[in-house]
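The structure appears right after this line, and notes come after that.
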Amino acid sequence: METPIEQLSRIQTVTNRMIESFGQSVIGQAENFRLLWASLLVGGHVLLEGVPGVGKTLMVRSLAQLVRCDHRRIQFTPDLMPADVTGTKVYDLQSGRFSTRKGPVFTDILIADEINRTPPKTQSALLEAMEERQVTIDGETFPLSPVFFVVATQNPLEHEGTYLLPEAQVDRFAVKLLVGYPEEAEERELLLTSGITSRREQGLEPVTDAEEILEMRRALEKVRVEPDVAGYALEIVRATRRHPKIILGVSPRSGIGFLSLAKAEAAMNGRDYVTPDDLKKVAKPSLRHRIHLHPDGELEGWSADDVLDEILETVSVPR
């Protein structure tokens with residue numbers, strides 16, 4: 001039986017293999033993929049935001065290819081109904097009974113492509129699934145996979161035919177990743193290595209599976225958080241509630257997710273304890289979508305990341 005140190009060491013080994021294999025499919029975006037993988041380890045969900053064509057969906061397809069488990073994709077459109085996501089009851093003429101036809105949400109990894117293209121009613125169909133890992137269909141509750149992991153994509157620039165995500169749903173995403181353009185050298189390599197008939201992720205071999213992911217999640221519980229480090233995380237969270245440029249700070253649920261992601265960051269670096277640097281590294285991805293700026297700050301050109309940088313500079317780091 002593996003010791004806690006050996007279990008955490010395995011997380012680091014698997015992480016390095018995942019990142020190395022990911023580089024065979026997606027050129028650039030290694031840091032975003034690392035955070036995507038960390039979110040899967042802690043059981044969080046991810047919102048990918050970027051303009052079309054920067055590889056958001058490819059990144060998720062590559063992750064699904066590297067993890068030996070079931071995955072499905074939903075293309076969100078204005079006419080998509082909640083039952084198209086969760087499923088519905090259908091009447092069987094032969095048996096004279098109703099049977100449950102389960103929707104694509106019954107999977108391990110769910111790719112919610114262009115989630116902001118469907119009305120709030122359909123977006124809200126994911127609320128119960130994301131928080132409680134279960135779905136209620138016509139009054140009957142069905143459990144989802146213990147690995148259940150949602151990765152949603154959205155385009156930040158296009159507003160015609162799109163809908164704002166409900167605040168309750170945004171808060172259920174553990175991480176928001178901003179996917180930008182690659183560096184010049186990376187884009188040059190991309191142009192030189194892209195094929196015409198093959199998809200870049202098709203040649204990837206699985207690195208891990210659902211059972212091992214669940215084992216690694218349990219191992220993360222053994223990552224230590226000293227009281228002063230937990231206090232540092234708490235100060236960052238509470239600072240978002242009193243900053244003059246923020247009208248609504250992050251929730252206690254956000255603070256829990258923030259610390260969980262820092263545990264994953266520590267384990268991926270081969271440590272069984274969290275440091276302030278781990279918290280700093282995951283602060284913006286974990287908190288940027290959970291704060292609401294004052295309109296005056298937005299008019300002055302402030303972004304959520306700018307305000308979080310200011311908070312991280314002012315909160316005292318424990319020794």
Side-chain angles (χ1 to χ4, degrees), residues 19 22-40 44-65 71 73-80 109-120 122-123 126 149-167 169-196 199-201 282 284-293 297-309:
I19 294 173
F22 175 77
Q24 300 170 17
S25 172
V26 181
I27 297 171
Q29 307 299 343
E31 190 56 38
N32 274 337
F33 178 77
R34 182 183 175 88
L35 288 163
L36 182 67
W37 166 241
S39 302
L40 176 57
H45 307 290
V46 177
L47 179 62
L48 295 179
E49 185 173 279
V51 298
V54 292
K56 301 185 297 298
T57 307
L58 174 61
M59 191 185 306
V60 190
R61 288 204 311 258
S62 299
L63 173 67
Q65 194 79 6
H71 65 276
R73 176 179 176 270
I74 304 176
Q75 179 63 54
F76 280 77
T77 57
D79 60 347
L80 194 73
I109 299 177
L110 179 68
I111 306 172
D113 219 359
E114 297 186 282
I115 192 172
N116 57 335
R117 286 198 172 277
T118 200
T122 305
Q123 293 175 9
L126 284 173
F149 178 58
V150 176
V151 184
T153 70
Q154 69 174 9
N155 175 3
L157 300 180
E158 193 171 6
H159 299 292
E160 186 175 351
T162 63
Y163 303 83
L164 289 175
L165 294 181
E167 297 303 332
Q169 180 152 359
V170 172
D171 194 57
R172 280 165 170 77
F173 287 104
V175 168
K176 179 181 179 181
L177 301 179
L178 305 179
V179 185
Y181 292 115
E183 299 293 332
E184 182 179 350
E186 294 170 343
E187 193 164 8
R188 181 180 292 110
E189 184 181 353
L190 177 65
L191 294 174
L192 291 172
T193 57
S194 294
I196 294 175
R199 284 169 31 178
R200 299 187 66 92
E201 78 279 10
V282 302
K284 288 191 283 189
S286 180
L287 304 178
R288 60 165 59 112
H289 56 300
R290 288 163 151 163
I291 62 175
H292 298 271
L293 299 183
E298 292 181 334
L299 289 174
E300 293 173 11
W302 283 82
S303 68
D305 283 7
D306 294 330
V307 177
L308 287 169
D309 279 332

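Formation of a donor-acceptor pair under 3.5 Å by the Arg288 side chain with backbone atoms of Lys176 is found in this model. A distance-only check finds a donor-acceptor pair linking the side chain of Thr122 to the backbone of Leu80 [under 3.5 Å].
Taking CD1 of Ile115 as the start and CD1 of Ile74 as the end, the distance is 8.5 Å to the nearest 0.5 Å. Separating the NZ atom in Lys56 from the CD atom in Glu114 is a distance of 7.5 Å, to the nearest 0.5 Å. Distance CG/Leu177 to CZ/Arg34: 13.0 Å, rounded to 0.5 Å. If you take OG1 on Thr153 and CG on Leu47, they are separated by 8.5 Å, rounding to the nearest 0.5 Å. For the atom pair OG1 of Thr118 and CD of Gln75, the computed distance is 10.0 Å after rounding to the nearest 0.5 Å. Atom CZ of residue Arg188 and atom CD1 of residue Ile27 lie 12.0 Å apart, to the nearest 0.5 angstrom.
Here the side chains of Phe22 and Met59 are in contact, with some heavy-atom distance below 4.5 Å. At a threshold of 4.5 Å between non-hydrogen side-chain atoms, the residues Leu165 and Gln154 count as touching. By the 4.5 Å heavy-atom criterion applied to side chains, Phe149 and Leu36 are counted as neighbours. Counting heavy atoms from C-beta outward, Val54 and Tyr181 have side chains that approach closer than 4.5 Å. Between Thr77 and Arg117 the shortest side-chain heavy-atom distance does not fall below 4.5 Å.
Using a 4.0 Å cut-off between charged side-chain N and carboxylate O, Lys284 and Asp309 make a salt bridge.
Between His45 and Phe173, the two ring planes are perpendicular [angle over 60°; tilted spans 30° to 60°].
Of all non-hydrogen atoms in Ala174 and Gly44, the two that sit nearest each other are CB-CA, 3.7 Å. Of all the heavy atoms in Pro156 and Val51, the pair that sits closest is CD-N, 4.0 Å. Nearest heavy atoms, Pro120 versus Tyr163: CD-CD2, 3.8 Å. Contact detail for Ser286 and His289: the closest heavy-atom pair is O-CE1, 3.3 Å. Nearest heavy-atom pair across Leu293 and Ala304 is CD1-N, 3.7 Å.
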- Query: After noting the C-alpha distance and the side-chain angles of Ser303 and Asp305, does the key distance pass the side chain to side chain donor-acceptor pair (under 3.5 Å) rule?
  - Reply: CA-CA 5 Å; Ser303 68; Asp305 283 7; 5.5 Å; no

- Message: Show, in sequence, the C-alpha distance, side-chain angles and deciding distance for Arg172 and Leu126, and conclude whether the side chain to side chain contact (heavy atoms under 4.5 Å, CB included) test is met.
- Response: CA-CA 10 Å; Arg172 280 165 170 77; Leu126 284 173; over 6 Å; no

